[in-house]
Amino acid sequence: MSNLARKVLEQQQAEQSVKIKRQVKIKKSWLTPGEKIIGVMFAGMVCFGAIHLISDQSKIYEANKDVQAVQDKINEQEKVNGDLEVQVSELSSYDRIFAKAKKMGLITDENNVKVVQKK
């Protein structure tokens, strides 16, 4: 009986080990390959959009900086022009012109005056 029992036990163990070896563990993936492809495409599109947005913002910043520099130059030139207009009005005063004319030896002759009218 012991010999027969051993043979039966050995057969049962051999069958169990064969059954265990034959069982293949099936790994279930969390995502299917199609979902992975869609996820990678979505991530790529998000990255592309972010890079595009940042580059557009930097271009806008550069343009605004250039506009500000031009505005500063315009304001400076307007200030210079205003100073020159004041200087022209001071230099073209009647009293100054009369004084220069007298200094150069010009005399006023009321008989020799011509009036020019604008059209």
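Only heavy atoms go into these numbers, but all of them, side chains included; no hydrogens, no water, no symmetry mates. Since we're looking at a predicted model, the values are computed, not measured.
Separation of atoms CG (L31) and CD1 (I38) is listed at 10.5 Å; rounding is to 0.5 Å. Here NE2 of H52 is found 14.5 Å from SG of C47. Values are rounded to the nearest 0.5 Å. Here E78 contributes atom CD and E85 contributes atom CD; the two are 10.5 Å apart, rounded to the nearest 0.5 Å. For the atom pair F48 CZ and L53 CG, the distance stands at 11.5 Å (nearest 0.5 Å). One finds the NZ atom of K36 at 10.5 Å from the CH2 atom of W30 (value rounded to the nearest 0.5 Å).
Side chain of E35 to main chain of T32: a donor-acceptor pair is present (N/O by atom type, distance under 3.5 Å, no hydrogens or angles).
Nearest heavy atoms, L91 versus I97: O-CG1, 4.3 Å. Summarising the geometry of R96 relative to E90, their closest heavy-atom pair is CD-O, 4.0 Å, with the distance given to 0.1 Å.
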Walk me through whether Q77 and N81 qualify under side chain to side chain donor-acceptor pair (under 3.5 Å). CA-CA 6 Å; Q77 190 62 41; N81 289 349; 3.2 Å; yes
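Here the side chains of Q68 and D72 are in contact, with some heavy-atom distance below 4.5 Å.
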